[in-house]
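Inspection log for the structure reproduced underneath, given as structure tokens.
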Amino acid sequence: MLIPVDGLFALAPTLESGQTFRWRRSGDVFEGVVFGNVVKVRQADDGVEFTCGPDDGKYLAPLLSDYLGLATDLPAVYRSMSHDPRVSEAIDRYRGMRILRQDPWECLVCFICSSASNIPRISRNVEDLCASFGRPILVEGTPRRAFPTPHELAEAGERRIFELGLGYRAAYLAKTAGAVADGAVDLMSLREEAYGDALVALTSLDGVGDKVANCVMLFSLDQTSAFPVDVWIKRALQEWYSDAGVNKMSLPKMRLWAQEYFGEYAGYANQYLFHDRRLLGRGVTAGA
DNA sequence: AGCCAGGCCCTCC
DNA sequence: GGAGGGCCTGGC
């Protein structure tokens with residue numbers, strides 16, 4: 001089935017820029033699990049081609065379109081932030097890369113897992129969580145499982161999560177799963193909240209600090225000004241914007257500065273700079 | 001062998 | 001408020 005896209009869209013950088021961890025690539029086809037379906041997608045000339053199961057393509061198409069961030073007016077985003085030469089350069093390189101609109105719970109779990117880790121390990125940890133605690137999806141081909149619900153993960157408990165090799169993150173996950181299952185935080189409703197309120201709600205959860213909260217807000221909660229400051233972004237900002245006094249700032253202060261500087265779509269600026277920085281491998285020695 | 005990784009949390013100043 | 005250290009585990 002085809003989702004027509006008349007505007008800018010680049011599938012590969014969208015799925016391979018560290019926003020998400022369950023898509024697997026073979027050639028130009030990506031296979032992932034979303035909305036309880038095993039989905040295969042590939043970029044076509046006139047849009048995004050996909051197959052899915054067990055549900056019907058007609059049911060999934062609008063959901064998938066929403067997930068892929070196709071509703072966003074990308075040219076408007078570009079106009080708002082291309083005044084910055086670094087961002088402008090990154091836009092030229094990854095034109096069409098979009099920010100996904102993921103399930104908030106899945107996104108939250110993935111980024112709790114991301115602490116002091118790396119993409120291969122995060123992917124493995126997340127897939128192990130699904131394999132152990134997620135509901136099987138009945139389709140032919142690669143057996144895969146749905147992402148475990150908050151209740152399923154809370155039920156699993158810290159010990160069994162730890163045994164999967166999640167390390168100290170197991171305690172965070174167990175506690176946060178319990179809190180979400182109990183309704184202490186209603187993740188979906190945070191899409192309607194102001195940035196500051198969503199931030200406070202998320203950081204009340206175990207294992208969720210400023211960085212993780214901003215990732216969740218950006219990749220699943222429609223908070224386009226969210227700006228996750230990780231070590232890559234920190235180094236990039238310190239290298240490029242030292243004139244603005246960024247070097248002496250604490251991480252949350254640095255985030256505030258960036259949100260002010262990049263504006264309404266600061267999160268998009270973040271994503272382009274992050275992806276660029278990672279691919280160019282300039283994280284270790286600044287300026288190398 | 002020892003350090004660092006896409007942080008968070010706790011303690012102490 | 002901010003600096004410093006510990007934390008699971010894996011990879012260089």
Side-chain angles (χ1 to χ4, degrees), chain A residues 13-23 90 94 97 99-100 102 106-129 132 156-180 185 199-220 226-239 245-258 266-286 288:
Chain A
T14 298
L15 296 180
E16 293 181 325
S17 54
Q19 310 178 51
T20 178
F21 302 94
R22 290 196 76 193
W23 291 95
Y94 315 111
M97 177 171 72
I99 287 179
L100 296 169
Q102 304 182 58
E106 176 169 344
C107 193
L108 175 63
V109 169
C110 289
F111 282 95
I112 289 176
C113 290
S114 77
S115 132
S117 191
N118 51 71
I119 289 178
R121 186 184 176 192
I122 299 165
S123 304
R124 196 178 68 241
N125 287 160
V126 168
E127 208 55 41
D128 286 346
L129 287 173
S132 296
E158 176 181 339
R159 183 195 176 93
R160 293 176 64 198
I161 297 172
F162 184 87
E163 285 168 353
L164 292 178
L166 273 286
Y168 60 82
R169 302 159 197 86
Y172 295 153
L173 291 174
K175 285 181 189 155
T176 288
V180 173
V185 175
L199 180 63
V200 168
L202 286 172
T203 51
S204 76
L205 295 166
D206 237 76
V208 183
D210 198 83
K211 192 272 176 181
V212 168
N214 273 275
C215 285
V216 176
M217 288 194 282
L218 182 59
F219 302 138
S220 73
F227 196 94
V229 180
D230 53 43
V231 298
W232 298 88
I233 288 291
K234 185 181 93 169
R235 288 173 189 148
L237 295 185
Q238 288 180 334
E239 179 185 333
V246 168
N247 297 277
K248 293 189 286 282
M249 294 180 190
S250 65
L251 262 41
K253 280 224 170 68
M254 203 178 287
R255 167 173 66 70
L256 282 170
W257 175 85
Y268 261 90
N270 183 299
Q271 188 61 18
Y272 275 80
L273 292 178
F274 175 78
H275 189 52
D276 196 36
R277 191 80 180 181
R278 280 198 60 95
L279 288 194
L280 297 184
R282 293 187 297 180
V284 179
T285 40

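The structure presented is a predicted model; accordingly, all values stated were derived computationally and were not measured. Lettering follows sequence order; numbering is per chain, from 1.
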Pairs under 3.5 angstrom, nitrogen or oxygen only, protein versus nucleotides 10-13 of chain B, please.
none

Listing time: all N or O pairs from protein to nucleotides 6-8 of chain C that are below 3.5 Å?
| residue | atom | partner | partner atom | Å |
| --- | --- | --- | --- | --- |
| C:dC8 | O4' | A:Tyr168 | N | 3.3 |
| C:dC8 | O2 | A:Arg121 | NH2 | 3.3 |
| C:dC8 | O2 | A:Arg169 | NH1 | 2.9 |
| C:dC8 | N3 | A:Arg169 | NH2 | 3.4 |

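Residue-level contact check: A:Leu205 touches the backbone only, with heavy atoms under 4.0 Å from sugar-phosphate atoms and none from bases. Using a 4.0 Å heavy-atom criterion, one finds that A:Gly207 contacts the sugar-phosphate atoms exclusively.
Using N1 to N3 plus N6-O4 or O6-N4 for Watson-Crick, or N1-O2 and O6-N3 for G-U wobble, each under 3.5 Å, C:dC8 pairs with nothing.
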| task | Would you check, one step at a time, whether the test ring-ring contact (aromatic ring centres under 6.0 Å, His included) holds for A:Phe111 with A:Phe21? | result | CA-CA 10 Å; A:Phe111 282 95; A:Phe21 302 94; 5.5 Å; yes
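In this structure, CZ in A:Arg278 is found 12.0 Å from CG in A:Asp276, a value given to the nearest 0.5 Å.
Checking each of A:Asp206, A:Leu173, A:Leu205 against A:Ile112 for a side chain to side chain contact (heavy atoms under 4.5 Å, CB included) leaves exactly one that passes, namely A:Leu173.
Between C:dG4 and B:dC4, the distance separating the two P atoms is 14 Å to the nearest Å.
Across the protein-nucleic acid pair, A:Ile119 atom CD1 and B:dG7 atom P stand 12 Å apart, rounded to whole Å. For A:Arg255 and B:dG7, the CZ to P distance is 16 Å, given to the nearest whole Å. One can place CG of A:Asp230 at 11 Å from P of B:dA5, the figure rounded to the nearest angstrom.
Remark: A:Ser250 is in phosphate contact with C:dG2, judged by side-chain N or O atoms under 4.0 Å from OP1 or OP2.
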